[in-house]
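Given the structure is predicted, the values throughout are model-derived calculations rather than measurements. Below, read A as the first sequence line, B as the second, and so on, with proteins coming before strands; counting in each chain starts at 1.
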Amino acid sequence: MTHLTAGDLAGYLDRVLPPPERQRVESHLAECDECRAELVQVARVVRGRRQRRWMIALPAAAAAGVALLLLVRPVATPPGEPVTRGGGDEPGATVVAVAAPVEDAVVPRGGTTFVWRPLREEASYRVTVTDATGGVVWTGSTSDTALALPPTVSLAGGRSYFWYVDALLPDGRSATSGVRSFRTAP
Amino acid sequence: MADRLPPELSGLLDSAGAAAREAAWAAFLAAHSRLLLHTTRSLGHDYDTAMDAYAYLLEHLQKDDFHRLRAYAADGRSKFTTWLVVVARRLCVDFQRHRYGRVRGDRTGARDARLVRRRLTDLLAEELDLAELGTDSANPETDLLARERAEAMAAALDALGVRDRLLLKLRFEDDLTAREIGDVMGFPTPFHVYRRLTVVLAALRRGLEDRGVRGAGS
């Protein structure tokens, strides 16, 4: 079996391959464990690098945001309307605004309640909690805007966890909160 | 093509003379050494080994008048940095094999495709509530039933498109999270991954029922 070239793998991850090439690559990946493992490892390196860049950029962005808040009068979003992300990779995409726990909050080991702002009454939501390695610890669905971590899910003390809310809108579109973090009490 | 190359790469590939080449190499490293080190460390080496791997990587990137880097100039479909991660990682794996030989768990040896398929089939059977599928039993009738169901599952899998088969492999065989699958396959959010998985599993159920397998859930 001829394995995928570096150009095939990178082109696939960058989504620049034309449809027939993409199908050829996916067809190979579906059958070749070795190339699939390589693809996953490369994706992790590339993603890890992007996250590091975000972590470096975040304090600067936060400072710029504070400065903007001081300079610009905030405009309230009407209740029930989707919050629209501007200037991102997907212009006009909706995002779920989370309320609690706040970023990097310390929560009791026994559990916490995840709360977010409603997009529309008909939207359904899925909350996912992952550990620091990306492994899913728990996931739950609701049509409400709050969901408590069940007592059967035990979180280790003094650890970082990540959570996000995905919403499915009635018209088939979806929205996400982006990944948030919290820590458990020791 | 050359006008699409990053300047530090085109400067390197176009450099003539030892001094110009050395300066261009320094500029290339200034732009990409962090990425190369990050890639080297991603293979989980201790510090000293990672530095040895990094040295090996640089040596082989320079080798034969940068012939590896010239391969990007000939292809150039992807971002240079993504391509460089793939090439750097392959060189680090070469270094690892050169120093330690093939390690246990190395996937380079061809795995038994039937075994792989059985594993995916078993995991899918679990997902589809086919408790009896793939279980070992001393009862010949149960064995026969399990074999028939496994064959039906294999046929139902073959009937899926390649993208859906890849999705199932990444989820059930490689045990990736929905977020990772989204990153690899280009789904916008993990929710899209879950939604597609639901559709594919429903198609599998229908495929199994069409082949006379009952109890595939609903």
Side-chain angles (χ1 to χ4, degrees), chain A residues 1 4-18 21-49 52 89-90 93 125-126 128 130 133-136 139 162 164-168 172 174-176 178-179, chain B residues 34-35 38-43 68 71-72 74-90 93 106-111 113 116 157 160-170 173-181 183-186 188-195:
Chain A
M1 183 188 291
L4 297 176
T5 65
D8 288 336
L9 286 171
Y12 182 75
L13 282 175
D14 285 343
R15 333 258 182 255
V16 295
L17 300 180
E21 283 285 284
R22 185 176 180 82
Q23 190 166 15
R24 175 183 63 82
V25 169
E26 287 186 332
S27 180
H28 180 88
L29 288 169
E31 302 303 325
C32 179
D33 296 343
E34 192 178 339
C35 286
R36 209 168 60 246
E38 185 179 19
L39 179 80
V40 170
Q41 293 304 319
V42 170
R44 283 176 180 161
V45 172
V46 172
R47 179 178 166 79
R49 185 167 165 268
R52 281 160 58 99
D89 292 340
E90 300 167 67
Y125 303 92
R126 181 194 291 266
T128 304
T130 72
T133 65
V136 175
T139 181
F162 299 90
Y164 52 88
V165 184
D166 294 315
L168 180 62
S174 63
T176 183
V179 180
Chain B
R34 283 166 64 97
L35 174 65
H38 179 62
T39 306
T40 306
R41 288 179 186 145
S42 73
L43 272 85
R68 281 188 173 81
Y72 177 76
D75 182 328
R77 288 173 291 177
S78 63
K79 285 183 204 162
F80 176 64
T81 48
T82 312
W83 180 89
L84 188 59
V85 169
V86 180
V87 171
R89 197 180 168 283
R90 285 181 174 183
V93 171
D106 193 339
R107 286 190 173 217
T108 50
R111 287 166 63 182
V116 167
L157 280 170
L160 296 174
V162 288
R163 190 166 167 79
D164 288 339
R165 285 209 303 274
L166 176 59
L167 173 67
L168 291 176
K169 289 261 183 166
L170 290 169
E173 192 152 321
D174 301 333
D175 208 22
L176 262 61
T177 64
R179 181 161 294 273
E180 284 184 301
I181 294 172
D183 275 348
V184 168
M185 293 188 69
T189 69
F191 203 80
H192 287 80
V193 176
Y194 287 123
R195 202 159 47 175

Sort A:Thr128 into side chain, backbone, both or neither according to what part of it lies under 4.5 angstrom from a heavy atom of chain B.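 Interface part for A:Thr128: side chain.
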Report which part of A:Glu21 has an atom under 4.5 Å of a heavy atom belonging to chain B: side chain, backbone, both, or neither.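 Side chain only.
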Just to verify, what does A:Ala10 make a side chain to side chain contact (heavy atoms under 4.5 Å, CB included) with, not counting sequence neighbours?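 Testing A:Ala10 for side chain to side chain contact (heavy atoms under 4.5 Å, CB included), a comparison that skips the adjacent residues, returns B:Ser78, B:Thr82, B:Trp83, B:Val86.
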Contacting region of B:Leu176 [heavy-atom separation from chain A under 4.5 Å]: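 Side chain of B:Leu176 only, per the 4.5 Å heavy-atom cut-off to chain A.
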In Å and rounded to the nearest 0.5 Å, what is the [atom1] to [atom2] distance from [X] to [Y]?
| X | Y | atom1 | atom2 | result |
| --- | --- | --- | --- | --- |
| B:Leu43 | A:Gln41 | CG | CD | 7.5 Å |
| A:Leu168 | B:Phe191 | CG | CZ | 4.5 Å |
| B:Tyr194 | A:Asp166 | OH | CG | 7.5 Å |

Chain B: which of A:Gly11, A:Gly7, A:Cys32 shares the most heavy-atom pairs with it under 4.5 Å?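 Counting heavy-atom pairs under 4.5 Å, the top option is A:Gly7.
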For the student: nearest non-hydrogen atoms of [X] and [Y], plus distance:
| X | Y | value |
| --- | --- | --- |
| A:Thr176 | B:Thr189 | CG2-CG2, 4.0 Å |
| A:Ala30 | B:Arg165 | CB-CB, 4.3 Å |
| B:Val85 | A:Val45 | CG1-CG1, 3.7 Å |
| A:Ala6 | B:Val87 | CB-CG2, 3.8 Å |
| B:Met185 | A:Arg22 | O-NH2, 3.0 Å |

Does the ring of A:Tyr164 carry B:Arg179 above it, NZ/CZ under 6.0 angstrom from centre and within 45° of its axis?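 Positive - B:Arg179 is close enough to the ring of A:Tyr164 and near enough to its axis.
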Just to verify, what does B:Arg163 make a salt bridge (Lys or Arg N to Asp or Glu O under 4.0 Å) with, not counting sequence neighbours?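 Partners of B:Arg163 under the salt bridge (Lys or Arg N to Asp or Glu O under 4.0 Å) test: A:Glu26.
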Apply side chain to side chain contact (heavy atoms under 4.5 Å, CB included) to A:Leu9 and B:Arg90, showing your working. CA-CA 12 Å; A:Leu9 286 171; B:Arg90 285 181 174 183; 3.4 Å; yes
Would you say that A:Arg36 contacts B:Leu166 through its side chain, given a criterion of any heavy-atom pair below 4.5 Å between the two side chains?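 A:Arg36 vs B:Leu166: side chains touch.
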Are the side chains of A:Leu29 and B:Leu170 in touch, meaning some heavy atoms are under 4.5 Å apart?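 In short, these two side chains do not touch, never coming nearer than 4.5 Å.
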Pairing of A:Asp8 and B:Arg77 as salt bridge, 4.0 angstrom limit: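 Yes, this pair counts.
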